[in-house]
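The basis for the numbers below is simple: all heavy atoms, side chains too, and nothing from hydrogens, waters or symmetry mates. Since the structure is predicted, the reported quantities are computational estimates derived from the model, not experimental observations.
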Protein chains: 2
Amino acid sequence: MAISEAEAVIMDVLWREAPRTAEDILAEVGPAQNWQEGTVKSLLNRLLRKKAVHAERDGRRYLYAPLLTREQYVQQESKGLLDRLFGGRVAPLVAHFSEQRKLSKKDIAELRKLLKELDDEQP
Amino acid sequence: MAISEAEAVIMDVLWREAPRTAEDILAEVGPAQNWQEGTVKSLLNRLLRKKAVHAERDGRRYLYAPLLTREQYVQQESKGLLDRLFGGRVAPLVAHFSEQRKLSKKDIAELRKLLKELDDEQP
DNA sequence: TAATGATGTTTACATGCGTAAATGCTCGCG
DNA sequence: CGCGAGCATTTACGCATGTAAACATCATTA
């Protein structure tokens with residue numbers, strides 16, 4: 001089962017720092033997201049069921065930590081999109097953003113650097 | 001309201017060629033997707049409600065054509081992912097695929113070409 | 001010890017999605 | 001003219017999601 005968008009918000013908090021209590025998570029995510037305590041608890045439980053996080057008892061509360069890594073998640077998500085929209089190839093995706101003028105100077109510079117590194121890697 | 005994945009399959013058919021009848025669409029998509037007639041009709045109706053396609057009567061049947069363009073759709077989808085996963089910036093995304101060794105020779109060549117074109121464009 | 005507060009667990013409910021069956025409408029044929 | 005074939009529209013149903021209220025549990029304190 002896939003991680004939903006709301007669930008991913010919780011994961012994000014845990015990826016930034018873990019383990020964390022539900023209270024911590026609520027504090028960090030509640031205001032921005034306008035979520036109540038119950039909402040966060042529910043999401044945590046669904047993530048537990050999906051084996052995406054692990055909970056360890058710590059006295060009266062639980063400490064939650066991610067099981068699914070951010071890398072894994074990003075991998076799944078971006079591969080899905082890439083396959084669906086760009087035939088699984090990266091260049092067309094970048095071309096798309098390029099056409100939309102969505103490449104910043106910084107992006108371009110970094111891309112250039114990246115390509116150079118690839119050059120050096122396998123001469 | 002967003003276009004769902006199943007709906008996007010229908011859009012894909014219409015983007016390839018339009019206008020088309022429901023029958024055409026079923027013929028093209030049914031076998032691969034294992035969808036019945038009713039399924040395609042439902043999806044078409046949801047797309048109508050979402051104003052993503054337009055239907056024009058043609059005798060006893062309808063001809064369906066996309067209103068939402070593929071460009072618009074790709075734009076929405078990829079921007080969503082980019083924002084959620086890579087802080088809205090393209091370079092980190094490419095770096096991600098690079099780390100995963102998901103850049104083909106061809107990708108690299110095309111990226112290089114793309115960057116060169118950007119160079120020439122604004123000297 | 002009984003009430004209170006802190007936590008977690010269960011249940012709920014509206015909405016959207018995937019999938020399709022049931023129903024409705026209309027045109028041409030017998 | 002009434003009927004069936006061909007389409008479209010409505011309704012259905014189970015499951016995921018977003019959001020949260022209700023309920024359960026247990027330690028602490030009055």
Side-chain angles (χ1 to χ4, degrees), chain A residues 1-14 18-65 67-68 73 76-77 80-81 84, chain B residues 1-14 18-65 67-68 73 76-77 80-81 84:
Chain A
M1 231 155 299
I3 304 304
S4 81
E5 202 153 326
E7 287 159 4
V9 171
I10 303 289
M11 293 304 291
D12 252 323
V13 175
L14 292 178
R20 308 262 212 140
T21 69
E23 200 189 2
D24 286 345
I25 297 173
L26 175 63
E28 183 151 334
V29 101
Q33 224 71 24
N34 254 76
W35 283 347
Q36 310 291 106
E37 200 183 323
T39 304
V40 170
K41 300 279 181 70
S42 279
L43 291 173
L44 278 171
N45 269 310
R46 287 179 186 170
L47 287 168
L48 282 172
R49 234 181 300 133
K50 294 181 185 181
K51 308 268 190 220
V53 312
H54 167 83
E56 180 177 3
R57 187 134 234 154
D58 171 45
R60 52 164 56 272
R61 56 178 86 199
Y62 278 107
L63 292 176
Y64 298 91
L67 282 181
L68 180 74
Y73 176 72
Q76 287 169 206
E77 292 293 300
L81 179 114
R84 273 192 304 123
Chain B
M1 229 155 301
I3 303 304
S4 80
E5 203 153 322
E7 286 159 4
V9 171
I10 302 288
M11 292 304 290
D12 252 324
V13 176
L14 292 178
R20 307 263 213 141
T21 69
E23 200 190 2
D24 285 346
I25 297 172
L26 175 62
E28 184 151 333
V29 103
Q33 225 69 26
N34 254 74
W35 283 347
Q36 309 291 108
E37 199 182 325
T39 304
V40 171
K41 300 280 180 69
S42 277
L43 291 172
L44 278 171
N45 270 311
R46 286 178 188 172
L47 287 169
L48 280 171
R49 234 182 299 134
K50 294 181 185 181
K51 308 268 188 219
V53 311
H54 167 81
E56 180 177 3
R57 187 133 234 156
D58 171 45
R60 52 164 58 271
R61 57 179 86 201
Y62 277 106
L63 291 176
Y64 297 92
L67 281 182
L68 181 74
Y73 176 70
Q76 286 169 206
E77 293 293 299
L81 179 114
R84 274 191 302 122

Please report, to 0.1 Å, the donor-acceptor pairs under 3.5 Å made by any side chain of residues 54-63 of chain A, with sequence neighbours excluded.
| from | atom 1 | to | atom 2 | distance (Å) |
| --- | --- | --- | --- | --- |
| A:Arg57 | NE | A:Gly59 | O | 3.4 |
| A:Arg57 | NH1 | A:Tyr62 | OH | 3.1 |

- Item | Nucleotide D:dT10, atom P - distance to CZ of B:Arg46 in whole Å | 13 Å
- Query: Mapping B:Lys50 and B:Gly38 onto DNA chain C by nearest heavy atom, which one lands closer to the 5' end?
  - Reply: B:Lys50
- Task: Report yes if a side-chain nitrogen or oxygen of B:Arg61 is closer than 4.0 Å to either non-bridging phosphate oxygen (OP1 or OP2) of D:dC7; otherwise report no.
- Result: yes
- Whole-Å distance, A:Leu43 CG to D:dA16 P, equals 15 Å
- Query: B:Lys41 has an atom NZ; how far is it from atom C1' of D:dC7, in whole Å?
  - Reply: 5 Å
- Query: To the nearest 10 degrees, how far apart in direction are the end axes of the helix from C:dT1-D:dA30 to C:dG30-D:dC1, each fit to five base pairs?
  - Reply: 50°
- Task: Report yes if some heavy atom in the side chain of B:Thr21 is under 4.5 Å from a heavy atom in the side chain of B:Asp24; otherwise report no.
- Result: yes
- Residues from residues 21-36 of chain A lying under 4.0 Å of DNA chain D - heavy atoms: A:Asn34, A:Trp35, A:Gln36
- Task: May I have the distance from B:Leu48 (atom CG) to D:dA8 (atom P), rounded to whole angstrom?
- Result: 10 Å
- Query: Do any N or O atoms from the side chain of B:Lys50 and from the backbone of B:Ile3 form a donor-acceptor pair under 3.5 angstrom?
  - Reply: no
- Message: Nearest whole Å is fine: how far is D:dT19 C1' from A:Leu47 CG?
- Response: 15 Å
- Query: How would you give the extent of chain B contacts on DNA chain C, as first and last nucleotide 5' to 3' within a 4.0 Å heavy-atom cut-off?
  - Reply: C:dG16 to C:dC27
- Measuring from B:Glu7:CD to B:Leu68:CG, what's the distance to the nearest 0.5 Å? 11.0 Å
- Task: Rounded to the nearest angstrom, tell me the gap between atom CZ in B:Arg49 and atom P in D:dT9.
- Result: 11 Å
- Task: Applying side-chain contact (heavy atoms from CB on, under 4.5 Å), run through B:Leu67 and B:Val53 and close with a yes or a no.
- Result: CA-CA 5 Å; B:Leu67 281 182; B:Val53 311; 5.7 Å; no
- Message: Would A:Leu48 and A:Tyr64 count as a side-chain contact (heavy atoms from CB on, under 4.5 Å) here? Give the steps.
- Response: CA-CA 9 Å; A:Leu48 282 172; A:Tyr64 298 91; 4.1 Å; yes
- Item | Residues A:Glu28, A:Arg20; criterion side-chain contact (heavy atoms from CB on, under 4.5 Å); working and verdict | CA-CA 11 Å; A:Glu28 183 151 334; A:Arg20 308 262 212 140; 3.1 Å; yes
- Note on the structure: Distance col, row B:Glu5:CD vs B:Met11:CE, nearest 0.5 angstrom, shows 14.5 Å
- Rounded distance (Å) that lies between atom P of D:dA8 and atom CG of B:Asp58: 10 Å
- Between B:Arg57 (CZ) and D:dT9 (C1'), how many Å, whole number? 11 Å
Output side-chain donor-acceptor pairs under 3.5 Å for residues 35-47 of chain B, partner residues at least two apart or in another chain, one line each.
| from | atom 1 | to | atom 2 | distance (Å) |
| --- | --- | --- | --- | --- |
| B:Glu37 | OE2 | B:Lys41 | NZ | 3.0 |
| B:Ser42 | OG | B:Gly38 | O | 3.4 |
| B:Asn45 | ND2 | B:Lys41 | O | 3.4 |

- Message: Heavy atoms within less than 4.0 Å of DNA chain C: which residues of residues 1-10 of chain B have one? Give them sorted by number.
- Response: B:Met1, B:Ala2, B:Ser4, B:Glu5, B:Ala6
